Structures are given as C-alpha cells and as structure tokens.
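This report concerns only the one structure given below.
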Amino acid sequence: APTGRRAQKGTTLPPRVHVKSGRYYLVQNNRWIALTRVSEGEPALLESLREVKDPRPRTVAELFDSWLRAEHGLAAKTMRDYRAALTAMPTTKDPNRITLRRVFGRMAPRDLTQSLVAQYLERRGGVKANREVAALGSVCSWAMRKGWLESNPTNGVRRNREKPRERYVTNRELGQALKRAHPATRDIMLAAYLTGLRQGDLRELTKDSVAREGLKIVESKKGKRVVVTWSGPLKALVLRSLARSQGDHVFTSPFGKPWSFWGLQSAMRRLEVDWTFHDLRAKAESDHRTGMGLLSRYKRARRIAPVG
C-alpha cells in the first residue's frame, strides 16, 4: 500500500498521486511511477501525468496507431480511406510501393516538415498521393490538439493537380443500363440522378427522412442540411422502394438488406458500363435546368429541386 503523503496541507492532488521525498508519484498496481519534483509546481505535475496516461508517440508510426485507436466522428467512407492510407505497406507483389508508413513511419513526429510532405507528393504522384496527404493532415491536426505537434506540416503544401472527370453519361447510356439493372439497383441509380445526392447519403437514407415536402437529410460529408423537394418521378421511386424495404432504410439491395459500399460497386460492375455511380451525380448537375448547386461550399442549408 502507498506510504507517501497523500497531499500537502491545503492542496488536493489528482487521484492516486502521492508525495514522497519531495517528488510526486503515480501509484498504479502497487507500482510507484516517478513524476515531477514538488518544487516544479502543479502545471509540471499535470503535464507529467498526461504523458504517463497518454504517452507521446515516439515515431510517426506510433502516432498513426494512436490516431487509429481514437474516435474522430468522420464519415465511414472517409475513415475507411484514411485507415487504408495510414496502414498501407509494401507487399511482395509491390515491394517498392511508396506509402506514408514506409516513408515517415520511423521518423519522430516533430521531424515532419512541409518540404518532406512536398517530396512525398512528388515521388508518389497522382491523385492518390493527395488523398494520403489528407489523411496525414488529419493525423497532424489531431496531434496538435494533443500537444504533440506545434504545427501541421501538410498545411500550405500544394497538392498534385487533379483533372476533373469529364465523363458525361448520355440519356441513352443511362436508359440501357437501367433496363439491365435489378429493380433495387435501378431505383437507387435513378435516385442519384434525380437528386444529385452522394452514394453514401442515399445508402444511409432512412424512412424518417421521408417528409411531406420531400427528402430531409444531413449530408454525411459536410453536415449540411438538405431538403430534396418532390417531383413525380422521385416520389414514385421512393414509394416503390419503401414498399420493397423490410427495415429502416429506404433503398435496399436485391437481397432486402441495406446497401453496402461494396455491394453497390459490385452491382455497377455487373452492368458492364464504362462509367461510375458517382458520374450520375455529375449528370444530375448537367441536366438540371438551373444547376443543382452541388459545388457550393458556403450555404449551411439548401433546397434542391430534382431533375425530373
């Protein structure tokens, strides 16, 4: 049992902290863990306690692992992409693969610099490097809040140039694909075209989002409140999907289950088209008589009239 003084007169120490021979100790499982000297004051004690309970990562790899264990409130797809970027390593098939963990993993976090991030972007090249640096930036911002980094080395570093997709899905192409698609696939494809909503927001759309004036959602990516007002075709396909659904989700797979990301990708591959589900969102923007404002960044809420 601890035999040191619990606290000096007139002071209150944190739980399990004792004073012995002029030094603070944290007692855990009958182990006395030395902290700071009493003469260094309470701020130094609290900082030392934080280091013991939440140790500062010694390497970037340890920093990645700490970030992956924490909760961040990110969208499921974003978290999945970031996890892939932070854990990727060279494989036997691709032993020379450039990854964040391979390049920075053994480095001390404080040694990360803008120059090194810029060199990573240059060596890795392409759009994927931008996504990986976005994951690194999220980790560094979190590390700043923890007091482990003074600045974010990804800030101010120009990303690799990204060429916007120029693929426009024609009405004929869409019509042919819809004819081949299963009714469950057809309805969520039509919903993407009529509303311009993201795939994830459509997959997660629940029955309580269906209101008298239209579909009420909070976008998963940016948290914006959106109301998609009804049109005849949109209301018809939503009612059709609701009749098919046996759970809380509006759109379900051919098996009656909520759509998963990979399930929808698989359904699109079976259609054997050279465009993606995401391209339907661009088609919605192009075909709408006034544009749907899908690229707006500043409105906190918006109302969208469907294409149909």
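Computed from a prediction, not measured in an experiment: that's the story for all the values here.
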Can you measure from CD (Gln199) to CE (Met189) and round to the nearest 0.5 angstrom? 11.5 Å
Partners of Arg212 by side-chain contact (heavy atoms from CB on, under 4.5 Å), sequence neighbours excluded? none
According to salt bridge (charged side-chain N to carboxylate O under 4.0 Å, His left out), does anything in residues 252-265 pair up with another residue at least two apart or in another chain? List the pairs. none
Non-neighbouring partners of Ser241 that pass side chain to side chain donor-acceptor pair (under 3.5 Å), sequence neighbours left out: Asp187
Only pairs at least two apart or in different chains count here, so list each side chain to side chain donor-acceptor pair (under 3.5 Å) that has a residue in residues 88-111. Asp65-Arg101
What pair of heavy atoms forms the shortest contact from Met107 to Val103, and how long is it? CE-O, 4.4 Å
In terms of heavy-atom contacts, Leu149 and Pro109 come closest through CD2-O, 3.4 Å
Point-to-point distance, once rounded to the nearest 0.5 Å, from CG of Leu271 to CZ of Phe277: 11.0 Å
Over all heavy atoms of both residues, which pair between Ala211 and Trp230 is shortest? Give the atoms and the distance, please. O-NE1, 3.1 Å
Taking the side chain as everything from C-beta on, heavy atoms only, tell me whether Val17 gets closer than 4.5 Å to Tyr25. no
For Arg69, give me all partners under side chain to side chain donor-acceptor pair (under 3.5 Å), at least two apart in sequence or on another chain. Ser66
Trace of the side-chain contact (heavy atoms from CB on, under 4.5 Å) decision for Thr252 with Gln246: CA-CA 9 Å; Thr252 54; Gln246 298 178 2; over 6 Å; no
Please identify each residue that fulfils ring pair (Phe, Tyr, Trp, His ring centres under 6.0 Å) with Tyr82, with sequence neighbours left out. none
What's the separation between atom CD in Glu204 and atom CH2 in Trp259, rounded to the nearest 0.5 Å? 13.5 Å
Heavy-atom closest pair (Val38 atom, Tyr24 atom, distance to 0.1 Å) is CA-CE1, 3.6 Å
Test your reading of the model: is there a side-chain donor-acceptor pair from Glu173 to the backbone of Thr170, 3.5 Å cut-off? yes
Report yes or no: does Asn160 contribute a side-chain atom to a donor-acceptor pair with the main-chain N or O of Asn130 at less than 3.5 Å? no
Is there side-chain contact between Phe64 and Thr87, with heavy atoms separated by less than 4.5 Å? no
Are Lys283 and Asn171 close enough that a side-chain donor and a side-chain acceptor fall under 3.5 Å? yes
Any residue meeting salt bridge (charged side-chain N to carboxylate O under 4.0 Å, His left out) with Glu40, in chain and number order, not counting sequence neighbours: none
Membership question, hydrophobic clusters at under 4.5 Å side-chain separation (ILVMFWY): are Leu242 and Leu197 in the same one? yes
So, using side chain to side chain donor-acceptor pair (under 3.5 Å) as the criterion, who are the partners of Thr113 when residues are at least two apart? none
Min side-chain heavy-atom separation Leu121-Arg159 under 4.5 Å: yes
Mark yes when over 12 heavy atoms from residues, nucleotides or ligands other than Gln176 sit less than 6.0 Å from its CD; otherwise mark no. yes
Any side-chain heavy-atom pair of Ser151 and Gln114 under 4.5 Å: no
Side chain to side chain donor-acceptor pair (under 3.5 Å) filter on Arg270, not counting sequence neighbours, yields Ser266
Any idea which heavy atoms bring Ala267 and Thr185 closest together, and the distance? CB-OG1, 3.9 Å
The residue among Thr36, Leu26, Ile33 that forms side-chain contact (heavy atoms from CB on, under 4.5 Å) with Leu49 is Leu26
Answer yes or no: are there more than 12 heavy-atom neighbours, outside Arg58 itself, under 6.0 Å from its atom CZ? no
Please tabulate, for side-chain N and O atoms in residues 131-142, each donor-acceptor pair with protein atoms closer than 3.5 Å (sequence neighbours left out).
unit_1 : atom_1 : unit_2 : atom_2 : d
Arg131 : NH1    : Glu162 : OE2    : 2.8
Arg131 : NH2    : Glu162 : OE1    : 3.0
Glu132 : OE1    : Tyr120 : OH     : 2.7
Glu132 : OE1    : Arg124 : NE     : 3.0
Glu132 : OE2    : Arg124 : NE     : 3.3
Glu132 : OE2    : Arg124 : NH2    : 2.8
Ser141 : OG     : Gly137 : O      : 3.1
Ser141 : OG     : Asn152 : ND2    : 2.9

Any chance you could measure Leu205, atom CG, to Ile188, atom CD1, to the nearest 0.5 Å? 9.0 Å
Hydrophobic cluster identity match, Val218 and Val228, side-chain contacts under 4.5 Å: no
Determine, stepwise, if the pair Lys216 / Val210 fulfils side-chain contact (heavy atoms from CB on, under 4.5 Å). CA-CA 6 Å; Lys216 291 184 174 181; Val210 181; over 6 Å; no
For Met79, the side-chain contact (heavy atoms from CB on, under 4.5 Å) test, sequence neighbours excluded, returns Trp67, Leu68, His72, Leu74, Arg83
Worked verdict on Val227 versus Leu215 for side-chain contact (heavy atoms from CB on, under 4.5 Å): CA-CA 6 Å; Val227 179; Leu215 299 175; over 6 Å; no
Looking just at side-chain N and O atoms, do Tyr168 and Asp287 make a donor-acceptor pair shorter than 3.5 Å? yes
Cation-pi between Arg203 and Phe251: NZ/CZ under 6.0 Å from ring centre and within 45° of the ring axis? no
Atom pair CG/NE2 of Leu35 and His18 - distance to nearest 0.5 Å: 11.0 Å
Do Val250 and Leu202 pass the side-chain contact (heavy atoms from CB on, under 4.5 Å) test, and can you show the C-alpha distance, the side-chain angles, and the key distance before you say yes or no? CA-CA 8 Å; Val250 175; Leu202 288 171; over 6 Å; no
About how many Å separate OG1 of Thr276 and CZ of Arg269, when rounded to the nearest 0.5 Å? 12.5 Å
Tell me if the NZ atom of Lys207 is crowded by more than 12 foreign heavy atoms within 6.0 Å. yes
Sub-4.5 Å side-chain heavy-atom contact between Gln28 and Arg16: yes
Looking at every heavy atom in both Ser260 and Gly263, which two are closest together, and how far apart are they? OG-N, 2.9 Å
Could you give all pairs that pass the salt bridge (charged side-chain N to carboxylate O under 4.0 Å, His left out) test and reach residues 228-238, with sequence neighbours left out? none
Quick check: do Leu194 and Leu237 have side-chain heavy atoms less than 4.5 Å from each other? yes
